[in-house]
2 protein chains.
Amino acid sequence: MTENMLRQRTAARRDAVIREVLDRAWALMARDGVAALSVRELARDLGVRQQSLIYYFPSKQALLDALFADGFGQLQPRLAAAGSAAASPVDRLVATVTELLGYCTAHPARYHLMLQRTVPGFTPSQASHQIALDTLAILLERLADAGVTDPADADISRGLINGLAAEQVANDPGGDRFTRQAPRALRALLAGLATTSKE
Amino acid sequence: MTENMLRQRTAARRDAVIREVLDRAWALMARDGVAALSVRELARDLGVRQQSLIYYFPSKQALLDALFADGFGQLQPRLAAAGSAAASPVDRLVATVTELLGYCTAHPARYHLMLQRTVPGFTPSQASHQIALDTLAILLERLADAGVTDPADADISRGLINGLAAEQVANDPGGDRFTRQAPRALRALLAGLATTSKE
DNA sequence: GTCTATATCCAGATAGAC
DNA sequence: GTCTATCTGGATATAGAC
């Protein structure tokens, strides 16, 4: 067994541990809220000492940043694949938005950390922020394909999408009162924007 | 001087102290974020001991609840008065939404506490929640006057309005990139909803 | 009404043994 | 890699003097 093979094995094990830590962190956040996550409690939940986690994540900031990047790393391929069999660009946009809203409402804690971004002292690193921008780019591309090329109109559309997610998570958690309106809301907005002058 | 007059004077003084505490709390939240507010720091800022504030607010929860109610108590008359000189129901709706978005972006901390509601352990009391509902009712009434009578369409409209506020506060704080689109966005959505079937 | 003193608990981070 | 031990500082809340 060469030294290189050993290094691969230990690296793989390290990745597996990190994966488990992130999964447990998501679970705790889902249960108690994003702001309630403490490294101590996470460690207790994992059966180790708080200090041992520092070996993997040197600070709480680093842990939150890893979670942020992890969330977008999961969301991005889902958005990219959404509506691949759609009959029209608008249908594909609707499918993409439905996928996004499904993710947000199924995982309110992720929505809070990744998109709402009101977690106490947290700001994503530049690298993690880039992953978020790349993911947002998918949505903007689908919007453009559906005819929303004006940046102002894209901002409006983003607002509607984010707003449906926000209302859903805040005022009907676990339900679909707001998100189920997304297809009609989007089609109506697109139609309205196309016929409403910019005064 | 009767005992009753004395009681009034001391009650007035108590109200004045409470007013000052709330104002300083809003200022600190605006500076450091809602979640960062601590009773200790607030007391330090006011020049008293943390324990003295408990005389006015028995717990941090009570303080946050008072702030929540105070914010809606200020917002409600502003919304009620908005667009009183408007030429049409739609114009009045636009004026009301503009007022709301102006409040949210001028006071992101209030938006966070009152409408975003992701403050660690905070849930408003039933009484405070009612004030929030009464305020929301003004917006719903203006929407109905503008022709949005279908509850589903009202939900969609709420989503758009809240979403523009959320995007503005999160992605262009201090600017007006999203909120300035509100009039066009609203008019377009209303027009679109009126002509888009519910399939 | 405001204070001192204190209780109790929790957080994140560091040093260094093994 | 994980541990024990410890540091440092923060939080909310209570008891009781003045």
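Order of the sequence lines fixes the chain letters, A, B, ..., with proteins taken first and strands second; residue numbering starts at 1 for each chain.
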When Gly47(A) and Arg40(A) are each assigned the nearest nucleotide of DNA chain D, the 5'-most assignment goes to Gly47(A)

At a heavy-atom distance below 4.0 Å, what parts of residues 51-60 of chain A sit against DNA chain C? Gln51(A), Ile54(A), Ser59(A), Lys60(A)

Closest approach of Cys104(B) to Val169(B) (non-hydrogen atoms, all atoms of both residues): O-CG2, 4.0 Å

Can you tell me if Thr96(B) and Arg142(B) form a side-chain donor-acceptor pair at under 3.5 Å? yes

Looking at DNA chain C, which of residues 25-37 of chain A put a heavy atom within less than 4.0 Å of it? none

Heavy-atom closest pair (Glu41(B) atom, Ala36(B) atom, distance to 0.1 Å) is OE1-O, 3.9 Å

Exactly one of Asp150(A), Asp155(A), Asp153(A) clears salt bridge (charged side-chain N to carboxylate O under 4.0 Å, His left out) with Arg184(B), and that residue is Asp153(A)

Would you grab the first and last nucleotide of DNA chain D (5' to 3') that comes under 4.0 Å of any non-hydrogen atom in chain B? dA11(D) to dT14(D)

Find out whether Leu63(A) and Leu37(A) are in side-chain contact, i.e. whether some heavy atom of one side chain is under 4.5 Å from a heavy atom of the other. yes

Can you check the Gln50(B) CD to dC9(C) C1' distance for me, whole Å? 14 Å

Indicate whether the side chain of Asp65(B) and that of Gln61(B) have a donor and an acceptor atom separated by less than 3.5 Å. no

Over 12 non-hydrogen atoms of neighbours within 6.0 angstrom of CZ in Arg19(B): yes

Spacing of Gln61(A) atom CD relative to dA11(C) atom C1', expressed in whole Å: 15 Å

Using a strict cut-off of less than 4.0 Å between a Lys/Arg side-chain nitrogen and an Asp/Glu carboxylate oxygen, indicate whether Arg92(A) and Glu141(A) qualify as a salt bridge. no

Decide whether Arg78(A) and Tyr103(A) meet the rule of one side-chain donor and one side-chain acceptor closer than 3.5 Å. no

State whether the side chain of Asn162(A) and the backbone N or O of Gly163(B) hold a donor-acceptor pair below 3.5 Å, judged by distance alone. no

